[in-house]
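Each remark here refers to the structure printed beneath this line.
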Amino acid sequence: MQYSGEAYGTVFTADQQQLQFIGQATIYVDGGDSDSQIYGIINVNEYTGQNNTGVPVEIDVVADVVNGVIKTRSIRVIGAGGMVSFGEISGAFYGSSANELGLVLSASGEPGSLIAGLIVRRQ
């Protein structure tokens, strides 16, 4: 099943900048109700606030759902300049028949870190 929506978050760069962003998320869920896999991409190319410049960032996520609990398999953040980070994801399904999925993620690496939240709806 495909879920789509928006992600909101902040990138904290190594040179102490805080860049708020809005991104588009496409998440897929494969498997049964209690045991499945979540994977997808969040594309960040819009930054907000006074300093609204930042590099385009792609966040790849993979997680397992085991007995209804989301467990991180991998998060990879790639941006201009070779930014690669790793992190954690958590969240839950909401709504009738799990029509919505809410996720929170954090990632960090040498070039900086980020936190983000997203709510996606089944398509």
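The aromatic rings of Phe21 and Tyr47 stand perpendicular to each other, their planes meeting at an angle above 60°, with 30° marking the opposite boundary.
Atoms CD1 and CD1, on Ile59 and Ile42 in that order, are 4.5 Å from each other to the nearest 0.5 Å. The distance from atom CD1 of Ile89 to atom CD1 of Ile70, rounded to the nearest 0.5 Å, is 6.5 Å. One finds the CG atom of Leu101 at 10.5 Å from the CZ atom of Arg122 (value rounded to the nearest 0.5 Å). Interatomic distance, CD of Glu88 versus OG of Ser108, reported as 9.5 Å (0.5 Å rounding).
Arg76 pairs with exactly one of Val62, Val61, Ile41, Asp60 by the side chain to side chain contact (heavy atoms under 4.5 Å, CB included) rule, that one being Asp60.
Side-chain N or O atoms of Thr10 include none that pairs as donor or acceptor with a backbone N or O of Gln20 at under 3.5 Å. Remark: the backbone N or O of Gly23 is not paired with any side-chain donor or acceptor of Asn45 at under 3.5 angstrom.
Using modelled atom types and a 3.5 Å distance limit, the side chains of Ser4 and Gln2 yield a donor-acceptor pair. Side chains of Glu6 and Tyr8: a donor-acceptor N/O pair is present below 3.5 angstrom, by distance only. Of the N and O atoms on the side chains of Asn99 and Ser97, not one donor lies less than 3.5 Å from an acceptor on the other residue.
Clustering ILVMFWY residues whenever any of their side-chain heavy atoms sit less than 4.5 angstrom apart, transitively, puts Met1 in the very cluster that holds Leu103.
With a 4.5 Å cut-off on side-chain heavy atoms, Phe12 and Leu19 do not count as touching.
A salt bridge is absent between Asp64 and Lys71: the closest approach of a Lys/Arg side-chain nitrogen to an acidic carboxylate oxygen does not fall below 4.0 angstrom.
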